[in-house]
Amino acid sequence: MNLLEARTITKRFANHVALNGVSITVPEQSVFGLLGPNGAGKTTLIRIINMISVPDEGEILIHGESLHKKLIEKIGYLPEERGLYKKMKVGEQALYLARLKGLSHSDAIRKLKYWFEKFELMGWWNRKVEELSKGMQQKIQFIVTVLHEPKLLIFDEPFSGFDPINASLIKDEILRLKENGATIILSTHNMASVEELCDHIALINKSKKILEGRVKDIKYSYKANVYQIEITGCDKLLQDTLNHDFQVLEETRDENILKARIKILNEKSTNELISVLMQYGNVHAVQEIIPTMNDIFIAKVNSDTVQYKNSKQDLTE
Amino acid sequence: MTILGPLLMAGLMIVPYYVSKLDKEQKVIDVLDETGIFYNLGSNETVKFNYMFTDIETAIKNFDQSKTTALLYIPKTSLIEPTNAILYYSDKQPGNTVTSYIEDKMKYIYENKKLLELYGIDKQKIDETKVSINISSENIKTGEKNIPIATTLLGLFAGFLVYLSIFMYGSQVMRGVIEEKTSRIVEIIVSSVKPFQLLLGKIVGIALVGLTQFLLWIVLTLSIVVVFQFTVGSKDGNIVKSEQAQFAQPSNTLVPENVHTQSVQDEDSEQVMTLMKNFGSYDYTLIISLFLFFFLFGYLLYAALFAAIGSAVDNEADTQQFMLPITIPLIMSFVLISPIIENPQGPIAFWLSIIPLTSPIVMMVRIPFGVPLYELLLSMGLLVLGFLACTWLAAKIYRTGILMYGKKISYKELWKWLKY
């Protein structure tokens with residue numbers, strides 16, 4: 001079952017098109033990564049999902065129901081540009097923001113206490129926000145976002161401003177929220193956290209979606225039959241000795257260990273590579289290289305940008 | 001400011017009263033008069049004279065030992081050219097009040113003497129020919145009385161108050177919007193409420209703050225002044241009365257000169273009394289309710305514009321370029337108050353009190369002079385329409401502006417936002 005569906009969303013601003021027919025499907029109880037370079041249109045899409053902006057074309061469905069104000073209460077949104085009233089007291093402000101999301105006074109207090117204790121913020125309840133460190137302010141914003149137990153959580157760059165310890169604390173909380181039934185849209189440039197957290201991703205570039213799918217599937221589809229091998233007892237360079245079925249991309253020697261990246265050609269299997277290698281020495285390791293999300297991001301965005309430029313040139317010619 | 005304001009205002013009323021009370025200590029001044037004509041300089045609550053009949057050297061010698069404040073030396077002089085012949089010794093400045101009192105007195109006595117001796121005219125006769133004329137205008141239909149000075153003051157005060165409060169609370173709205181924008185909380189809030197709701201909430205909230213502050217100021221200032229009058233003031237009041245009684249005694253026995261000062265004082269206080277009475281003759285329920293209307297809608301109109309500016313910029317320093325078009329109508333109506341008072345039914349007054357941007361101030365200035373009902377209704381109607389239009393425009397700018405960061409906004413850009 002899909003929690004959220006965006007159908008051919010188009011949003012134009014005066015000077016440019018921010019989103020051009022973007023569709024995404026977010027399955028229930030998953031972490032969905034919304035990726036893309038700066039200015040690709042991610043924040044615009046997130047604002048449309050939150051009904052902060054209105055799309056020019058297309059629609060957003062939540063559980064198959066067209067988006068309306070009542071559904072927004074079921075969304076928790078942590079914007080990228082986030083802050084708090086600096087002169088207000090921490091507790092008062094958290095309470096105000098919780099009440100704004102429709103929680104009753106007593107519910108809000110109870111839940112805030114639970115979260116404040118969990119994040120070790122209880123002692124700061126009566127202090128002013130400006131006295132808090134940036135990390136602590138981020139924690140409070142996180143708490144306020146998840147407090148009303150929304151079905152859909154949208155985090156825009158949730159890890160910025162956190163030290164590694166707090167970042168992993170937030171990561172754990174995000175995974176726990178998913179376990180408890182929430183669906184999470186995560187927009188970030190931190191590819192390591194995408195690998196760790198996301199089940200699905202969509203990649204947006206130049207206001208168009210250029211990639212969407214399960215993280216595992218995408219990674220497998222982008223693997224290039226390249227293997228990392230380590231071998232000892234081999235004096236000559238593999239480059240000169242291997243036959244045409246195997247192409248050596250890179251070769252380095254670390255004392256007596258020879259390390260190489262080899263691409264298998266002509267639909268040969270891994271076993272065939274190993275048996276060939278065994279003729280030259282002792283094989284220590286053979287591992288298929290699966291591209292990281294980082295690699296895929298860069299490769300995909302670059303090739304798309306080249307295409308985009310070419311098509312623009314075609315238009316002008 | 002809420003609590004401090006009334007204290008300051010009450011202080012402004014009470015302190016000068018107190019200070020003048022403190023100053024009322026009577027000073028004694030020695031007079032050495034060689035001309036022999038200033039044998040009666042009278043006296044009042046601040047000064048009293050002690051006439052000496054020695055030469056100047058002994059007077060100066062004795063002056064150090066005497067406890068008098070100063071020594072007034074009037075050398076012998078001709079009646080034709082007396083003025084620079086007056087000398088005045090003192091080791092402690094007796095102050096302006098005393099000096100001018102003596103100057104007035106001597107001038108009066110001299111003039112009197114000159115008139116009498118050179119032309120044979122009694123000064124008192126001249127005083128008797130003086131008349132004071134007060135023109136009061138009266139509405140021929142309603143019989144409502146209008147006295148220009150009171151009307152002018154009332155109009156000025158009301159207009160100024162509207163001007164001041166629009167500026168004060170309007171810029172408070174602007175600062176609030178800028179704060180929400182720069183602290184980056186605005187996107188968290190607009191994910192829960194619509195930008196328009198946030199805008200209206202802010203404007204209405206500060207309007208209520210403004211009204212509460214007004215109310216509190218009036219109530220607190222009045223109560224402080226009243227309490228002061230009942231406790232400290234009443235005692236002082238008795239003292240003043242007994243003092244007056246004391247000095248009334250000698251002044252009666254003195255020659256006509258004193259009648260002059262008394263009659264001037266009476267005239268002054270009479271004018272104040274009529275002024276006060278005139279102030280009492282207005283329909284204050286009408287004026288106050290109209291004031292509340294024009295303040296409220298004038299504020300609402302400008303607050304929306306101020307909010308739009310606040311949303312378009314990243315910090316307060318950038319507001320300057322957009323502030324100008326908003327402050328021009330405000331300042332213009334403020335500057336034009338005096339020509340409007342001179343001709344409250346003229347074309348400038350009429351048009352400025354009809355156009356929504358200037359009407360809140362100009363209309364308040366005109367109201368005490370009497371404004372035809374249709375003009376009033378037209379102005380009020382247009383102001384409400386102007387408010388709706390401004391809010392509608394401001395909301396469009398606000399909606400886009402609050403989520404826009406790090407971009408220097410031009411008028412062209414604002415125009416685009418309006419068209420989304």
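Quick note on labels: first sequence line is chain A, next is B, and so on, each numbered from 1.
Considering only heavy atoms from C-beta on, A:Arg47 comes within 4.5 Å of B:Glu187 through its side chain.
By the neighbour-count criterion of 12 heavy atoms within 6.0 Å, atom NZ of A:Lys151 is sparsely surrounded, having that number or fewer from other residues, nucleotides or ligands. Counting non-hydrogen atoms of other residues, nucleotides and ligands closer than 6.0 Å to NZ of A:Lys171 gives a total above 12. Remark: A:Lys74 NZ is loosely packed, at most 12 non-hydrogen atoms of other residues, nucleotides or ligands lying under 6.0 Å away. Counting non-hydrogen atoms of neighbouring residues, nucleotides and ligands closer than 6.0 angstrom, the NZ atom of A:Lys118 exceeds 12 such neighbours. Counted within 6.0 Å of CZ on B:Phe157, heavy atoms from surrounding residues, nucleotides or ligands total 12 or fewer; the atom is thus considered open.
The part of B:Glu179 that comes within reach of chain A is its side chain, from C-beta onward, which places non-hydrogen atoms under 4.5 angstrom from that chain. Heavy-atom distances place no part of A:Gln137 under 4.5 Å from chain B, backbone and side chain included. Residue contact with chain B, scored on non-hydrogen atoms closer than 4.5 Å, involves the side chain of A:Gln141 exclusively. Contact annotation for A:Ile72: only side-chain heavy atoms (C-beta onward) come within less than 4.5 Å of a heavy atom of chain B.
The side chain to side chain contact (heavy atoms under 4.5 Å, CB included) test with B:Ser191 is passed by exactly one of A:Ile154, A:Ile52, A:Ile49, A:Thr145: A:Ile52.
Interatomic distance, OG of B:Ser183 versus CE of A:Met88, reported as 11.0 Å (0.5 Å rounding). Atoms CD1 and NZ, on B:Ile188 and A:Lys101 in that order, are 9.5 Å from each other to the nearest 0.5 Å. Atoms CD and NZ, on A:Glu81 and B:Lys181 in that order, are 10.5 Å from each other to the nearest 0.5 Å.
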- Query: Could you walk me through whether A:Tyr85 and B:Ile189 pass the side chain to side chain contact (heavy atoms under 4.5 Å, CB included) check?
  - Reply: CA-CA 11 Å; A:Tyr85 289 110; B:Ile189 304 229; 3.6 Å; yes
